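Sharing a structure, written as structure tokens. Questions coming.
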2 protein chains.
Amino acid sequence: MALIAPDKETQIPDIVIGRLPVYLRALSFMHQQGKRTTSSSELGRRLGISSAQIRKDLSHFGEFGKQGTGYHVQHLIKELRLILKLDNIWPVAVIGAGFLGHALASYNGFEERGFQIRWIFDTDPTQIGKVINGITIQSMNELENTIELKHIKIALLAVPAVHAQSVTDRLVDAGVEGILNYAPINLVVPDHVNIGYSDPVVQLQHMTYYINSDDQF
Amino acid sequence: MALIAPDKETQIPDIVIGRLPVYLRALSFMHQQGKRTTSSSELGRRLGISSAQIRKDLSHFGEFGKQGTGYHVQHLIKELRLILKLDNIWPVAVIGAGFLGHALASYNGFEERGFQIRWIFDTDPTQIGKVINGITIQSMNELENTIELKHIKIALLAVPAVHAQSVTDRLVDAGVEGILNYAPINLVVPDHVNIGYSDPVVQLQHMTYYINSDDQF
DNA sequence: TAGATTGTTAATCGATTAACAATC
DNA sequence: TAGATTGTTAATCGATTAACAATC
């Protein structure tokens, strides 16, 4: 079997899937503010997206609104969580206990949004055994065993660029299917593995194209 | 990354601009490996992009290759740096000196790619005056003055979500034109301001759609 | 009811790809 | 030269938007 996703799911454009978490984040914000209902136009205004696009995106998955009144915020949140498989907490491993790994392991914003950092790995003997936010730093020697034993599917990769590909290969071999890569390098993985990239420099370099540098230097 | 609409004058699609930093990163990697020339097909293979797309993207800016032999790596790097305005080092401010702000200020991978973290701000009196990687944490009271005095154009926003919009308003009023937002919230800014988003949870929630959770829970 | 807003269709807009003459 | 690869065109593919009947 070449692909995991069934036909019906593959028919939905990936770009649509990518917007759902943004909708979810905005809806959760509205919910916190006490808003009970919203409309595609209100949501679109907040996100800088057309109302038509929001309605079209949602229509791939069902009918979640009511003519005349719009969407019930809490209900739409629940539906989006189901679509994105967020009805359980995904356990996550952090690879690399440098400054960034520390920051990720210390961040408490994951759990309410569907994830929990449960493991952190490093090669540095002086780091191994230390505890960050209740998580004990493990040796990279235990990587494969732990992944297989705990059925870890998702990892945050915060190792130096030179090691990113080799660690990725180990993660994939052990069964990881989703990697958020913080190293500034492109990873090569099998088709069934999902990679997300987080390289701040790439984003900054995108911006500088649009920023006039005349009075900067 | 959500950016302002490209100038009608430039006519170059924003999605093309967004790929240039990725090309640049891959080319720099090749250069480090000692590669002197490459081709659109080799580059495409590495990045999972078609060779036609790479040639088309580059053709918006000029003719950088040679039939039969491809592209001179070092030359193409130089051209891309010019296009993206990376021929000088952009000074950058970090807002927020929590774990993430610390990690950003401590990261030494910015400078060789066109950026230098030069300022870091926080409200916490116990943090102000401390030094991270040679940078003294300043009071948020000095934010506007410093931005205006130093003509700061780019900021990394690493403050709690509840403060992200109000701090953004202050940054924009003071003259900042590019913000990389690490807070899990959508920002509203004027058209001329470029926003990049870095919310790991949004990326993880995108992945989980494709990951089978059957044996996970 | 009258106004508001959905879900959906068709048209428009934009991006990607295949193909190939040019040429190193 | 012969093989390789570019830059570009036209065709294809896909995504966004405008518009509106349905209906709350």
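Note that the coordinates shown come from a computational prediction; the quantities given were computed from them, not determined experimentally. Letters go in sequence order (proteins before strands), and every chain restarts at 1.
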**Report entry** Involving DNA chain D, stems made of at least three consecutive Watson-Crick or G-U pairs, both distances under 3.5 Å
**Finding:** C:3-24 with D:3-24

Query raised in the report: Side chains of B:His206 and A:Asp14: is there a donor and an acceptor less than 3.5 Å apart?
Result: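 Yes, because at least one side-chain N or O of B:His206 sits under 3.5 Å from a partner of the opposite role on A:Asp14.
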
**Report entry** Any A:Ser50 side-chain N or O less than 4.0 Å from OP1/OP2 of D:dT16
**Finding:** no

Report summary line: Per-nucleotide protein contact along nucleotides 3-14 of chain D, 5' to 3', at a 4.0 Å heavy-atom cut-off (B base, S sugar-phosphate only, - neither), is -BBBBBB-----

Query - side-chain hydrogen bond (donor to acceptor under 3.5 Å, both in side chains) partners of A:Thr37, counting only residues at least two apart - result: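 Applying side-chain hydrogen bond (donor to acceptor under 3.5 Å, both in side chains) to A:Thr37 gives none.
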
**Report entry** Counterpart residues, ring pair (Phe, Tyr, Trp, His ring centres under 6.0 Å), relative to A:Phe99 (two or more places apart)
**Finding:** none

Query raised in the report: Listed by chain and number, what are the side-chain contact (heavy atoms from CB on, under 4.5 Å) partners of A:Ala155, not counting sequence neighbours?
Result: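 Here the qualifying residues are A:Ile95, A:Leu171, A:Val176.
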
**Report entry** Listed partners of B:Ser40 passing side-chain contact (heavy atoms from CB on, under 4.5 Å), at least two apart
**Finding:**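 B:Ser40: side-chain contact (heavy atoms from CB on, under 4.5 Å) contacts with B:Ser51, B:Ile54, B:Arg55, B:Tyr71.
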
Query raised in the report: Among residues 18-35 of chain A, which contact DNA chain C at a heavy-atom distance under 4.0 Å?
Result: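 Per residue number, the list is empty: none.
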
Report task. Mind checking salt bridge (Lys or Arg N to Asp or Glu O under 4.0 Å) for A:Glu144 and listing every partner two or more places apart, or none if nothing turns up? Result ->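 Result, salt bridge (Lys or Arg N to Asp or Glu O under 4.0 Å) vs A:Glu144: A:Arg170.
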
Report summary line: With sequence neighbours left out, the residues meeting ring pair (Phe, Tyr, Trp, His ring centres under 6.0 Å) with A:Tyr107 are A:Phe110

Side-chain atoms of residues 75-84 of chain B: list all donor-acceptor pairs with protein atoms under 3.5 Å, sequence neighbours left out, distances to 0.1 Å.
residue: B:His75; atom: NE2; partner: B:Glu79; partner atom: OE2; Å: 3.3

Query raised in the report: Mind checking what makes side-chain contact (heavy atoms from CB on, under 4.5 Å) contact with A:Ser50, not counting sequence neighbours?
Result: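 Applying side-chain contact (heavy atoms from CB on, under 4.5 Å) to A:Ser50 gives A:Ala52, A:Gln53.
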
Per-pair distances, 0.1 Å, donor-acceptor, side chain in residues 17-33 of chain B, under 3.5 Å, sequence neighbours excluded:
residue: B:Arg19; atom: NE; partner: B:Asp57; partner atom: OD2; Å: 2.7
residue: B:Arg19; atom: NH2; partner: B:Asp57; partner atom: OD1; Å: 3.0
residue: B:Arg19; atom: NH2; partner: B:Asp57; partner atom: OD2; Å: 3.2
residue: B:Tyr23; atom: OH; partner: B:Asp57; partner atom: OD2; Å: 2.6
residue: B:Arg25; atom: NH1; partner: A:Asp199; partner atom: OD2; Å: 2.9
residue: B:Arg25; atom: NH2; partner: A:Asn186; partner atom: OD1; Å: 3.0
residue: B:Ser28; atom: OG; partner: B:Leu24; partner atom: O; Å: 2.9
residue: B:Gln33; atom: OE1; partner: B:Arg46; partner atom: NH2; Å: 3.0

